[in-house]
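The block underneath contains the structure these notes are about, expressed in structure tokens.
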Amino acid sequence: MRLSRYFLPILRETPKEAEIVSHRLMLRAGLIRQQAAGSYSWLPLGLRVLDKVNAIIREEQNRSGAIELLMPTIQSAELWRESGRYDAYGKEMLRIKDRHERDMLYGPTNEEMITDIFRAYVKSYKDVPLNLYHIQWKFRDEVRPRFGVMRSREFLMKDAYSFDIDQAGARHSYNKMFVAYLRTFHRLGLTAIPMRAESGPIGGDMSHEFIILASTGESEVFCDKAFLDYQVPTADTNFDDVAGLESIVKKWTTPYAATSEMHDAAAFDTLPADDRVSARGIEVGHIFYFGTKYSQPMNAVVKGPDGQDVPVHMGSYGIGPSRLIAAVIEASHDDGGIIWPEAIAPFKVGILNLKVGDQATDAACETLYHALEARGIDVLYDDTDDRPGAKFATADLIGLPWQAVVGPKGLAEGKIELKRRTDGSRQLVSLEDAVAILSA
RNA sequence: CGGAGUGUAGCGCAGUCUGGUAGCGCACUACGUUCGGGACGUAGGGGUCGCAGGUUCAAAUCCUGCCACUCCGACCA
């Protein structure tokens, strides 16, 4: 992509409404634009990141055996009356009437709808376990949206729903998601710690929040230092190995970890002082097992081997990709701007042409640009006629992992400069070597 | 929902107290000079001063009502 033809509305000054780092940087780097309280447009650069985050989430959901579908955002109130939640949910749910005066709602979550789909088609114990998920916009009419996309009213959510014949099966489904979540957050460059959680309005009795540590986090959290050294399960983890998954989950749920609501100071204090981590955290995922809470009232049953109807045991599993992006920025930035993990960077490489119009410089940039594009690398070529200083500032702000700095000075020796955004380290290399390094 | 604020050009702000031709910086357009860490000069363009009503010869400025947004708190993916 050539910057001169791209849509990248950078803000030089910080909009006054933005208090926290991620919000400031997302506005300045042209990732999002606020449209109303808690409502944001995703601009091209932001959308690229969102798509990459979603791709990783998908890969890990699919790897664990979950299957993607897509449900509508507007739902009928009828389903929610069946589960009893139409009255229970409260003002957070945006209620709408259609032209026929039918009660509709903008979905804050999809347990009812997925249960409806399940019960319509699945009739036998032979067809479970089943885990269906989608990545879709949700609306929750928060009393007080804030912190940009960290707490918005309209937000993207990956929500998965598992169906099993009994609690033991549901436990395994829960463990699959648990491991998938560990892997997902790890691939995004985050250290996420599972913490026992209250099950909230969704109900149920087995629930974990995945929290990443960040000094600007919304909640206070406490955990054992041991988590920081834990190795995340590898990609070849066998998700059908019941005992294997159980032992992974056990390992990750044994050391002390709790949010302030669940905190047990006495238990925490039994840890050696050096092992106690008390910090701020951001919730990036939440998983629940809630048994037959929805299947019973909504009559989602399957025939068991004995011919009897059994209500299915369900769980639900949520990740907020839009919030996740803010969390990544909170965890990874410096004074100059965002520092994207390579996996979700909107572009892997930025080419900085320091002297547009200079024949040798233009030629070197074009050669590099085409070579990288030909290799399928996402590259943003800054071919604008801004001065070098402005280009450096922009490149740092939008946080691309690699900057290929091309100017007459280096080219005099046949070299360009490769700079890493993470640590600012630079190396002078030939064009060919640059292509090789960036393609690796 | 309680408390505190803010709305003036795309962004950041001054002007409001004390009513009298709507300003500054950045950004934008043109030309020139510059060019390895957010350049400079000259000349331009752009505003229903959040909305409605009122007071007045005259309202960004005073009064009344409304709307939007932000922050702190309680609540939450």
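The structure presented is a predicted model; accordingly, all values stated were derived computationally and were not measured. For the numbers below, each heavy atom of this structure counts, side chains included, while hydrogens, waters and symmetry mates do not. Proteins come first, then strands; the chains are lettered A, B, ... in the order of their sequence lines, and each starts at number 1.
Among the protein residues, Asp396(A) comes within range of the nucleic acid bases, having at least one heavy atom under 4.0 Å from a base atom. Using a 4.0 Å heavy-atom cutoff across all strands shown, Gly285(A) reaches no nucleic acid atom at all. Residue-level contact check: Lys391(A) touches neither bases nor backbone, having no heavy atom under 4.0 Å from any strand. Within the nucleic acid shown, Lys355(A) has no heavy atom closer than 4.0 Å to any nucleic acid atom. Counting any heavy atom pair closer than 4.0 Å across all strands shown, Gly407(A) reaches a base atom. Across all strands shown, Thr394(A) has heavy atoms under 4.0 Å from base atoms, whether or not it also approaches the sugar-phosphate. Looking at heavy-atom distances under 4.0 Å, Arg426(A) makes contact with a base. Residue contacts for Leu11(A): at a heavy-atom cut-off of 4.0 Å it reaches no nucleic acid atom on any strand shown. Residue Ser219(A) is out of contact with every strand shown, counting any heavy-atom pair closer than 4.0 Å. Across all strands shown, Val405(A) has heavy atoms under 4.0 Å from base atoms, whether or not it also approaches the sugar-phosphate. Across all strands, Glu19(A) comes closer than 4.0 Å only to sugar-phosphate atoms, never to a base (heavy-atom distances).
Counted by atom type alone, Ser22(A) and Glu330(A) present one or more donor-acceptor pairs between their side chains at under 3.5 Å. For Tyr256(A) and His263(A), the side-chain atoms include at least one donor-acceptor pair closer than 3.5 Å.
A donor-acceptor contact under 3.5 Å is not formed by the side chain of Arg28(A) with the base of rG12(B). Residue side chain Lys419(A) does not reach the base of rG36(B) through any donor-acceptor N/O pair under 3.5 Å, judged by distance alone. Contact of Asp386(A) with rG38(B) (side chain to base): no donor-acceptor pair of N or O atoms is detected under 3.5 Å.
Dashed line: the shortest gap from a side-chain N or O of Arg387(A) to OP1 or OP2 of rA39(B) is under 4.0 Å.
Relative to the side chain of Ala390(A), the nucleotides rG38(B), rA77(B), rC76(B) differ in distance, and rG38(B) lies closest. Here the side chain of Phe392(A) is nearest to one of rA77(B), rG37(B), rC13(B), namely rG37(B). Checking rG37(B), rC76(B), rC69(B) against every side-chain atom of Ala37(A), the shortest atom distance belongs to rC69(B). Of the candidate nucleotides rC71(B), rC75(B), rG36(B), rC75(B) has the atom nearest to the side chain of Glu142(A). Side chain of Glu17(A), nearest nucleotide from rG36(B), rU70(B), rG38(B): rU70(B). Nearest nucleotide to the side chain of Ala393(A), out of rG38(B), rA74(B), rC76(B): rG38(B). Minimum atom distance to the side chain of Arg12(A) is reached by rA27(B), of the listed rG73(B), rC1(B), rA27(B).
Rounded to whole Å, atom C1' of rA68(B) lies 11 Å from atom CD of Gln34(A). Nucleotide rC76(B) holds its C1' atom 15 Å from the CE atom of Met93(A), rounded to whole Å. Note: CD (Glu13(A)) to P (rA9(B)) measures 14 Å, nearest angstrom. Look at CG on Leu411(A): it is 17 Å from P on rC35(B), rounded to the nearest Å. Nucleotide rC35(B) holds its P atom 12 Å from the CG atom of Asp358(A), rounded to whole Å. Between the NE2 atom of His23(A) and the P atom of rC69(B) there is a distance of 13 Å, given to the nearest Å. For the pair Ile212(A) CD1 and rA77(B) C1', the interatomic distance rounds to 14 Å; values are reported in whole Å. Going from atom CD1 of Ile57(A) over to atom C1' of rA77(B) covers 12 Å, rounded to whole Å.
Proximity of the aromatic rings of Phe227(A) and Tyr230(A) is defined here by a centroid distance below 6.0 angstrom, and this criterion is met. The distance between the ring centers of Tyr6(A) and Phe347(A) falls below 6.0 angstrom. Here the two rings, on Tyr89(A) and Trp80(A), have centers that are under 6.0 Å apart.
Note that Arg420(A) lies in the cation-pi zone of Trp402(A), set by a 6.0 Å cut-off to the ring centre and a 45° limit from the axis. In this structure, Arg85(A) forms no cation-pi arrangement with Tyr294(A), as its terminal cationic atom is not both closer than 6.0 Å to the ring centre and no more than 45° off the ring axis.
Base-pair partner of rU34(B): not found among the strands shown (Watson-Crick or G-U wobble, both distances under 3.5 Å). When both distances must be under 3.5 Å, the Watson-Crick or G-U wobble mate of rU29(B) is rA43(B). Look at rG20(B): its Watson-Crick or wobble partner, with both distances under 3.5 angstrom, is rC57(B). Here rG73(B) sits opposite rC1(B) as a Watson-Crick or G-U wobble pair (both hydrogen-bonding atom distances under 3.5 Å). Checking rG7(B) for Watson-Crick or G-U wobble geometry (two distances, each under 3.5 Å) identifies rC67(B) as its partner.
Comparing rU21(B) with rU64(B), their P atoms sit 25 Å apart, to the nearest whole Å. For the C1' atom pair drawn from rA27(B) and rG12(B), the interatomic distance equals 11 Å after rounding to whole Å. When the C1' atom is used for both rC71(B) and rG15(B), the distance is 25 Å, rounded to whole Å. Taking atom C1' on both nucleotides, rC28(B) is separated from rC67(B) by 31 Å, rounded to a whole Å. Distance check on atom P: rA43(B) versus rG5(B) gives 44 Å, rounded to whole Å. The separation of rG37(B) from rA30(B), taken at their P atoms, amounts to 26 Å, rounded to a whole angstrom. A distance of about 28 Å separates the P atoms of rC66(B) and rA74(B), rounded to the whole Å. Taking the P atoms as reference points, rG50(B) lies 8 Å from rA9(B), given to the whole Å.
The side-chain ring of Phe155(A) is stacked on the base of rA77(B), judged by centre separation under 5.5 angstrom and plane angle under 30 degrees.
Both Arg151(A) and Val356(A) sit near RNA chain B, but only Val356(A) has its closest nucleotide nearer the 5' end. Mapping Glu92(A) and Lys409(A) onto RNA chain B by nearest heavy atom places Lys409(A) closer to the 5' end of the strand.
Residues Phe210(A) and Pro194(A) approach most closely at CE2-CB, 3.9 Å, considering heavy atoms.
To the nearest 0.5 Å, the span separating CG on Leu50(A) from CD1 on Ile325(A) amounts to 4.5 Å.
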